[in-house]
Amino acid sequence: MNLHEYQGKEILASFGVRIQRGIVALNPKEAVDAAKKLTEDTGTGWHVIKAQVHAGGRGKGGGVKLAKNLKEVEEISSQIIGMNLITPQTSAEGKKVHQVLIAEDVYYPGDSETSEFYMSVLLNRATGKNMIMYSTEGGMDIEEVAENTPHLIFTEEIDPATGLLGFQARKIAFNLGLSGTAFKEMTKFVASLYKAYVESDSSMFEINPVLKTSDDKIMAVDAKVSIDDNALYRRKQYAEMRDLREENPIEVEAGALGLNYVDLDGNVGCMVNGAGLAMATMDLIKMAGGEPANFLDVGGTADAKRVEEAFRIILKDDGVKAILVNIFGGIVRCDRVANGIVEAYKNMGDAIKVPIIVRLQGTNAEIAKEIIDNSGLAVHSAVQFQEAADKVKEVLS
């Protein structure tokens, strides 16, 4: 589950991480009020207006701007709120901005003593350890830094059994070229950041930039945070931060129905039981010359109602030109799945306008094939993987 910048900063602050302070505003009036409050609390005269959407690169799309007075705060906020913000991480349509973060200006004109760093905490799946990735090149796209100057990216792996050790935090501060007060402040920052990552059950914390101010304070100027969905049952306070407006509406609907669904850019819809078989099915579609339009795991209960719900979800994507149903009958018998497919097809009537290929293997697979073949519906049955691939290729040609 992705969070907005202001939500990520709230989590950081709760674990003692120094942040660039800010207040969320839903309209220009609230933005001006927030700016006044920040001036009272922090003494800041200028304010940074930041669009709150789940996407990086907001500045490149005009979603981050500096206001030098209250009039500019109002004008800029009115321009950003309601706009469709297009960034390198959004679709061509962009994302609508519903709110802005009014933040204090932590950069001082003419100040050459500040430094920007990049830092993130995530899981290294190859080693099974948490990893802090950091660089002296903060404020830039880390992908560009990795491609052009890979020697400027450092990593520190942390064993979950021992946690972050003191020497590791000091090593990070040293590699960033810090000394004195800034060195001590960075070690505290790293320790607090890692604690926030672990105790919030996050899958990623990305701070770009981490700022060293001219008086050697270390703070998070931005925050990109993803919470592990599987841990939300024990992190109710974070589950409440979910903004459904920022998520794919089809995925949200599928989740409400208990379907594991991920929307993709392709032309063949997939309905499968089991994540491993789903991945293999997507490979099968690619080999047949198609592109998977989604990942959809219906789980072990593939009755008529669930199959119909899955069909309706898949068909919400106008790009789907065919549907491949690939079910292994272990927990659920193949003949039951076949009857569910036939019943769902009949219930949907004219809603199904694309070819459907059904491959059922496992318990009662032969009976299931007979049910499909004798249904009188425009459904193509297959037994082997290659046969299913050939039929996908046939209906797409």
Side-chain angles (χ1 to χ4, degrees), residues 1-15 17-22 24 48-65 80 85-91 94-103 106 116-125 130-146 153-156 172 189-190 192-211 218-229 231-232 235 237-248:
M1 182 186 78
N2 294 326
L3 299 181
H4 288 294
E5 174 191 352
Y6 79 91
Q7 295 169 324
K9 284 181 173 177
E10 286 176 7
I11 295 176
L12 288 172
S14 70
F15 286 93
V17 178
R18 181 182 281 111
I19 63 170
Q20 176 195 36
R21 290 164 291 185
V24 177
V48 185
I49 319 298
K50 300 183 175 184
Q52 295 300 284
V53 295
H54 290 174
R58 292 169 296 167
K60 294 180 178 180
V64 179
K65 293 185 178 180
I80 294 179
L85 181 62
I86 301 173
T87 82
Q89 295 184 18
T90 67
S91 65
K95 285 196 169 186
K96 187 172 183 178
V97 181
H98 298 282
Q99 55 198 347
V100 292
L101 177 64
I102 311 301
V106 291
E116 292 184 330
F117 309 113
Y118 170 90
M119 190 170 295
S120 62
V121 190
L122 63 161
L123 173 66
N124 184 340
R125 297 183 182 277
N130 292 322
M131 178 175 69
I132 297 180
M133 181 183 298
Y134 59 104
S135 174
T136 55
E137 305 305 294
M140 298 176 58
D141 290 336
I142 197 64
E143 294 83 4
E144 293 183 10
V145 177
I153 293 182
F154 304 89
T155 58
E156 186 68 29
I172 292 171
F189 181 94
V190 171
S192 297
L193 174 62
Y194 184 76
K195 184 178 181 181
Y197 167 79
V198 172
E199 296 191 13
S200 65
D201 281 319
S202 292
S203 54
M204 184 191 71
F205 260 93
E206 183 180 58
I207 316 297
N208 190 22
V210 174
L211 177 69
I218 305 296
M219 71 169 64
V221 177
D222 195 5
K224 187 175 182 181
V225 179
S226 293
I227 305 291
D228 187 343
D229 291 346
L232 290 177
R235 303 295 179 192
Q237 71 275 33
Y238 301 143
E240 293 173 358
M241 294 180 172
R242 186 178 182 186
D243 188 347
L244 296 179
R245 298 171 301 182
E246 292 292 317
E247 300 181 24
N248 184 304

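Heavy-atom basis, side chains included; hydrogens, waters and symmetry copies ignored. Model, not experiment: these values are computed from the prediction.
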Q. Can you check side-chain contact (heavy atoms from CB on, under 4.5 Å) on Gln20 and Leu211, steps first, answer last?
A. CA-CA 9 Å; Gln20 176 195 36; Leu211 177 69; over 6 Å; no
(Q) Just to verify, what does Phe189 make a ring pair (Phe, Tyr, Trp, His ring centres under 6.0 Å) with, not counting sequence neighbours? (A) none
**Q.** Heavy-atom closest contact (Lys9 atom, Leu101 atom, distance)
**A.** NZ-CD2, 4.2 Å
(Q) List the residues meeting ring pair (Phe, Tyr, Trp, His ring centres under 6.0 Å) with Phe154, not counting sequence neighbours, and say none if there are none. (A) Tyr134
**Q.** With Gln99 via side chain to side chain contact (heavy atoms under 4.5 Å, CB included) - residues at least two apart
**A.** His4, Tyr6, Val24, Leu26, Gln52, Asp243, Arg245
Q) For Arg242, what residues pass the side chain to side chain contact (heavy atoms under 4.5 Å, CB included) criterion, not counting sequence neighbours? A) Met1, Leu244, Glu247, Val252
(Q) Could you work out, with side chain to side chain donor-acceptor pair (under 3.5 Å) as the rule, every residue matching Gln89, not counting sequence neighbours? (A) Lys224
Q: Side-chain contact test, heavy atoms from C-beta onward, threshold under 4.5 Å: evaluate it for Gln7 versus Val225 and give yes or no.
A: no
(Q) Once rounded to the nearest 0.5 Å, what's the spacing between atom CD1 of Ile227 and atom CG of Leu232? (A) 7.5 Å
Q: Would you please name every residue forming a salt bridge (charged side-chain N to carboxylate O under 4.0 Å, His left out) with Glu116, sequence neighbours left out?
A: none
Q: Taking the side chain as every heavy atom from C-beta outward, state whether Met219 and Val106 have any atom pair closer than 4.5 Å.
A: yes
Q: Look up atom OG1 in Thr87 and atom NE2 in His54, then write down how far apart they are to the nearest 0.5 Å.
A: 12.5 Å
(Q) When you compare the side chain of Ile11 with that of Leu3, does any pair of heavy atoms fall below 4.5 Å? (A) yes
**Q.** Nearest-0.5 Å distance, CD of residue Glu10 to CD of residue Gln237
**A.** 11.5 Å
Q. Got a sec, which residues hit side chain to side chain donor-acceptor pair (under 3.5 Å) with Ser91, two or more places apart in sequence or on another chain?
A. Glu93
**Q.** Donor-acceptor contact present, side-chain Lys195 to main-chain Phe15, <3.5 Å
**A.** no
Q | Qualifying residues under side chain to side chain donor-acceptor pair (under 3.5 Å), relative to Lys60, sequence neighbours excluded | A | Asp141
Q | CD on Glu143 to CD1 on Ile153, rounded to 0.5 Å | A | 9.0 Å
Q.
Using the side chain to side chain contact (heavy atoms under 4.5 Å, CB included) criterion, which residues pair with Ile86? Sequence neighbours excluded.
A. Thr90
Mind listing the side-chain donor-acceptor pairs of residues 201-210 below 3.5 Å, one per line with the distance, residues two or more places apart or on another chain?
{"unit_1": "Asp201", "atom_1": "OD1", "unit_2": "Arg234", "atom_2": "NH2", "d": "3.1"}
{"unit_1": "Asp201", "atom_1": "OD2", "unit_2": "Arg234", "atom_2": "NE", "d": "2.9"}
{"unit_1": "Asp201", "atom_1": "OD2", "unit_2": "Arg234", "atom_2": "NH2", "d": "3.3"}
{"unit_1": "Asp201", "atom_1": "OD2", "unit_2": "Arg235", "atom_2": "NE", "d": "2.8"}
{"unit_1": "Asp201", "atom_1": "OD2", "unit_2": "Arg235", "atom_2": "NH2", "d": "3.2"}
{"unit_1": "Ser202", "atom_1": "OG", "unit_2": "Ser200", "atom_2": "OG", "d": "2.7"}
{"unit_1": "Ser203", "atom_1": "OG", "unit_2": "Ser226", "atom_2": "O", "d": "3.3"}
{"unit_1": "Glu206", "atom_1": "OE2", "unit_2": "Tyr118", "atom_2": "OH", "d": "2.7"}
{"unit_1": "Asn208", "atom_1": "OD1", "unit_2": "Gly139", "atom_2": "N", "d": "2.7"}
{"unit_1": "Asn208", "atom_1": "ND2", "unit_2": "Met140", "atom_2": "O", "d": "2.9"}

Q.
Once rounded to the nearest 0.5 Å, what's the spacing between atom CE of Met131 and atom CG of Leu122?
A. 4.0 Å
Q | CE-CD1 distance between Met119 and Ile132, expressed to the nearest 0.5 angstrom | A | 6.5 Å
(Q) Restricting to side chain to side chain donor-acceptor pair (under 3.5 Å), what partner residues turn up for Glu137, sequence neighbours left out? (A) none
Q: For Leu123, check side chain to side chain contact (heavy atoms under 4.5 Å, CB included) against everything at least two apart and list the hits.
A: Arg125, Asn130, Tyr197
